Amino acid sequence: MAARIKVTVVSVDAEHPCGAGYKPGDSFTVDGSSCLTLKDQTIKCLELLHTVFPAVMTMGHGGKLPWEKDGKAMSACPDPFAKVVVTIERL
């Protein structure tokens, strides 16, 4: 059975705001059942979703990431200027 996974923005470079408008504290949740779904979520940036997708799939289906600690992992947006950093955690 798949888990619920929450992706939360931890930080954004103050001098180069996120082009999609993400700010620290913004989040979205991936709900799990037989597959992972995004129900009633506002995804502002497909680049960020694409970046966290492998970690969300792994954690959502019970796998563990090498850099995961206490059910949380970190990832970053591919935009080198905004430097959006997120946590990915099992709920």
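What you are looking at is a predicted structure, and each value in this text was computed from that prediction instead of being measured.
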Closest contact, heavy atoms only, [X] versus [Y]:
| X | Y | value |
| --- | --- | --- |
| Cys45 | Ala20 | CB-CB, 3.7 Å |
| Pro17 | Ala14 | CD-O, 4.4 Å |
| Thr51 | Pro54 | O-CD, 3.5 Å |

I want to check something: taking the side chain as every heavy atom from C-beta on, are [X] and [Y] in contact at a cut-off of under 4.5 Å?
| X | Y | value |
| --- | --- | --- |
| Ile88 | Ser75 | yes |
| Ile5 | Arg90 | yes |
| Met59 | Leu65 | yes |

Worksheet entry | Enclosure of Lys69 NZ (heavy-atom neighbours >12, cutoff 6.0 Å) | no

Do you reckon [X] sits in the same ILVMFWY cluster as [Y], going by side-chain contacts under 4.5 Å, direct or chained?
| X | Y | result |
| --- | --- | --- |
| Val85 | Val12 | no |
| Ile43 | Val9 | yes |
| Val7 | Met74 | no |

Worksheet item: Asp26: what forms a salt bridge (Lys or Arg N to Asp or Glu O under 4.0 Å) with it, not counting sequence neighbours?
Response: Lys44

Practice prompt. Using modelled atom types only, decide if a donor and an acceptor are shared between the side chain of Trp67 and the backbone of Ala73 within a distance under 3.5 Å.
Written response: no

Discussion item. Let me confirm one number: the CG-CZ distance from Asp31 to Arg4, rounded to the nearest 0.5 Å.
Written reply: 4.5 Å

Worksheet item: In Å, rounded to the nearest 0.5 Å, how long is the span from CD of Glu89 to CD of Glu68?
Response: 10.5 Å

Practice prompt. I would like to know whether Phe28 and Val52 meet side chain to side chain contact (heavy atoms under 4.5 Å, CB included); could you show each step before the answer?
Written response: CA-CA 12 Å; Phe28 60 89; Val52 301; 4.2 Å; yes

Worksheet item: Checking side chain to side chain contact (heavy atoms under 4.5 Å, CB included) for the pair Val86/Tyr22: CA distance, chi angles, key distance, verdict?
Response: CA-CA 10 Å; Val86 298; Tyr22 276 119; over 6 Å; no

